[in-house]
Amino acid sequence: MTEPSGSMPAGATSRATHVLPATLTPRPGESIESWLEHLAELNGLSTAAVLTMIRESGAHTRFLTIAPAPETVATVAAIARVSESEVYAATMATFDGTALDLTNLNPNNRDSYRQIAAPGWAPHRGTQICPRCLSEKGVWQSSWRLPIVTSCRRHQNLLCAVCPSCQRPFRDQRHSHLRVVGASTRCGNPLGAGPAKKCRQELTDIRAVPATDDVLATQARIDAALNGAQMIVLGEPVSAASYLHDLRHLATLLLHLAGQTGAERLASWVTGLTSDAVTRTRARGPRWGLRPPDDPGVRSAALAAADGILAAADLDDATAALATWTELTPTTPDGPLGWLADHTVMTPTLTRLVLAARAPHRRLSTLLDHSEPLAPLRHIPQMLPTELFDRHLADAFDSGPATVRLFTTMCLARTDPRASTWSATGHLLGLPEDLAVRTARACSASLLLPIPVLEARLRSVAADLPHVDWRQCERDLRAGCDDTWFKAFAAERPGTRASSRPYAVAWVWTQLAHGHLSATPAWAHPPTSADRAGFRKFSRGLSEGDRARLSRIGGGDWDSHRT
């Protein structure tokens, strides 16, 4: 929305504008209703008198707090003797293009707000507060009215949403934008027992709940987006509006999943949804996409969970986190993807995340993450021995044997508590992390077996692994990569060149230690395509006797590594 200009529309009736004797500039972030209440107090007027002055000057006060008409902004600025930009900045229109889309709001049509509320998470009746902020400055912040704002970073506490005395939202004014109690820090909500009956709760006495570190970190990212900063989502820069859009719709999806059986195992905050859901239940259940939970504690936790997924370094880590939630998707005729799409807005980012989270290898990774370790990490080589691959997994994937052998050991290692992602799994095995991620993605598309059958095969593989400390083997080979044993091998194999030493080291690493060529100590750098081609040529040139000699001379005492 462009900033109001202050010019009167064609056909409007111009009237004399009142001017207040004392002026006051809105403070940064202050809401227009808070500012007008302080302005009324400064001039010794009631809040009703200030609103009357605005109307008598020819302007209406419809959508005064959201996005008033340009003539209303001009009138208020003239009455208060401040700039129109300062009035505009005190309204919710300052969030247009980030947390709100006010494109279709028509200040002259009261029904147009339905189009703003329809996408969901729009400012509802009343506002939240930080009692300590009110105590220090007496200023109500515009951002407190946004459902996506849940905490105060300055005081590190959650916002409060309901007055403990009247049990209603703060500023629950049905017939006036301004409170009768004016700039007072009392609640002032009407109690329905006559115009003089107002809630007298002192707001600065309310004790706020401390916010957790993850909630505050999420609020910091939200605050940056509300100021228009470029954000990072899945490792890539996006606009502030795109980030807030994805955050809101992902939080909505998590809130719906949190209502499914078993969700309490994933997060403690899901138990707080009960009261909110009961009060809003319809035939289709609570509609979190339209109106999120009123409780800032539950809302902040859902937003923090969603932000943790969006802030992941890449799509792989993000989908690993989301997969544990999507496993809660109930069985419906439309299928899991149909249910998920029906319970939020599938933005392009969410579509990528959900499709990846429901991919076969994602479901496998979720299962492995919740399994007891299938084998000690030291008993898992980097590459599954060929004989075990042939025995258990030759028909399991439509991928090359080497890729499947690597993925199998990664699956076994994924059950280690430290392996929360495929990249972390690769790190534990001493593999390049990008190789581990690429391998997992490749095998996800080529799995030929149902997940339960594959799980049973993996357990059989784990039971057949030799009890060898492969990590110690790898350490010994790295420490022994000198010329001593290679010279002994070359002496028994006339014609062997000194330049073949890296190939011989790589052969021992891959054939005896069952290591991956990318992690071999044969070269000081990852092997290039030329290194790999030279290694393949060297391996093809080895006779049975050469292989036996390399195993005897380069392998050392393998029995010492058995556990």
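Given the structure is predicted, the values throughout are model-derived calculations rather than measurements.
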Q) Is there a side-chain contact (heavy atoms from CB on, under 4.5 Å) between Gln141 and Val139 once you walk through the steps? A) CA-CA 6 Å; Gln141 299 288 318; Val139 169; 3.7 Å; yes
Separation of [Y] [atom2] from [X] [atom1] (nearest 0.5 Å):
X      : Y      : atom1 : atom2 : result
Asp416 : Thr425 : CG    : OG1   : 8.5 Å
Thr91  : Asp96  : OG1   : CG    : 9.5 Å
Leu303 : Leu247 : CG    : CG    : 5.0 Å
Leu353 : Asp246 : CG    : CG    : 8.0 Å
Leu244 : His249 : CG    : NE2   : 10.5 Å
Leu105 : Arg62  : CG    : CZ    : 10.5 Å

Q) Relative to Trp140, does Arg171 satisfy both conditions: NZ or CZ under 6.0 angstrom from the six-membered ring centre, and within 45 degrees of the ring's axis? A)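 The answer is yes; both the distance and angle limits are met.
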Would you call [X]-[Y] a salt bridge at under 4.0 Å N-O?
X      : Y      : result
Asp395 : Arg457 : yes
Glu136 : Arg132 : no
Glu33  : Arg179 : no

Q.
Test side-chain contact (heavy atoms from CB on, under 4.5 Å) on Asp314 and Leu234; report intermediate values, then the result.
A. CA-CA 5 Å; Asp314 54 33; Leu234 306 183; over 6 Å; no
Can any side-chain N or O of [X] pair as donor or acceptor with the backbone N or O of [Y] at less than 3.5 Å?
X      : Y      : value
Glu30  : Trp35  : yes
Thr344 : Thr252 : no
Glu327 : Arg358 : no
Thr403 : Ser399 : no
Asn109 : Asp111 : yes
Ser242 : Val238 : no
Gln219 : Thr150 : yes
Thr324 : Ala321 : yes
Thr61  : Leu64  : no
Arg221 : Ile232 : yes

Do you know the tightest heavy-atom contact between [X] and [Y]?
X      : Y      : result
Thr65  : His177 : CG2-ND1, 4.0 Å
Leu255 : Pro293 : CD1-CD, 3.6 Å
Ala122 : Ala117 : CB-CA, 3.9 Å
Trp269 : Ala301 : CG-CB, 3.4 Å
Thr204 : Ser135 : CG2-CA, 3.4 Å
Gly138 : His38  : O-NE2, 2.8 Å

Do the rings of [X] and [Y] sit parallel, tilted or perpendicular, given the 30° and 60° boundaries?
X      : Y      : value
Trp288 : His256 : tilted
His343 : Trp339 : parallel
Trp422 : Phe407 : tilted

Taking the side chain as C-beta and beyond, is there a heavy-atom pair between [X] and [Y] under 4.5 Å?
X      : Y      : value
Leu412 : Leu368 : no
His60  : Glu71  : yes
Trp144 : Ser31  : no
Leu384 : Val461 : yes
Cys166 : Asn189 : yes
Thr331 : Pro336 : no
Leu203 : Pro131 : no
Gln201 : Pro164 : yes

Does the side chain of [X] pick up a donor-acceptor pair with the side chain of [Y] at under 3.5 Å?
X      : Y      : answer
Asp101 : Thr103 : yes
Gln173 : Ser176 : no
Arg414 : Thr421 : no

Q: Carefully, step by step, assess Thr319 and Val354 under the rule side-chain contact (heavy atoms from CB on, under 4.5 Å).
A: CA-CA 7 Å; Thr319 49; Val354 168; over 6 Å; no
Q. How far apart are the C-alpha atoms of Arg438 and Asp434, what are their side-chain angles, what is the distance that settles it, and do they pass the salt bridge (Lys or Arg N to Asp or Glu O under 4.0 Å) test?
A. CA-CA 6 Å; Arg438 292 197 310 271; Asp434 60 334; 3.1 Å; yes
Q. With Tyr243, which of Thr349, Thr98, Asp307 fulfils side-chain contact (heavy atoms from CB on, under 4.5 Å)?
A.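 In the set Thr349, Thr98, Asp307, the residue that makes a side-chain contact (heavy atoms from CB on, under 4.5 Å) with Tyr243 is Asp307.
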Q: Could you go through the side-chain hydrogen bond (donor to acceptor under 3.5 Å, both in side chains) check for Asp294 and His124 one step at a time?
A: CA-CA 10 Å; Asp294 295 328; His124 196 57; over 6 Å; no
Q.
Looking at Arg27, I want to see if its CZ is surrounded by more than 12 non-hydrogen atoms of other residues, nucleotides or ligands under 6.0 Å.
A.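 Yes, CZ of Arg27 has more than 12 neighbouring heavy atoms, counting only those of other groups under 6.0 Å.
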(Q) As a quick check of understanding, evaluate side-chain contact (heavy atoms from CB on, under 4.5 Å) for Gln156 and Leu216, giving each step before the final call. (A) CA-CA 7 Å; Gln156 300 188 334; Leu216 293 173; 3.8 Å; yes
(Q) Per the ring-ring contact (aromatic ring centres under 6.0 Å, His included) rule, what does the pair list look like for residues 426-454, sequence neighbours excluded? (A) none
(Q) Run Glu86 and Ser83 through side-chain hydrogen bond (donor to acceptor under 3.5 Å, both in side chains) and show every step you take. (A) CA-CA 5 Å; Glu86 288 172 316; Ser83 69; 3.1 Å; yes
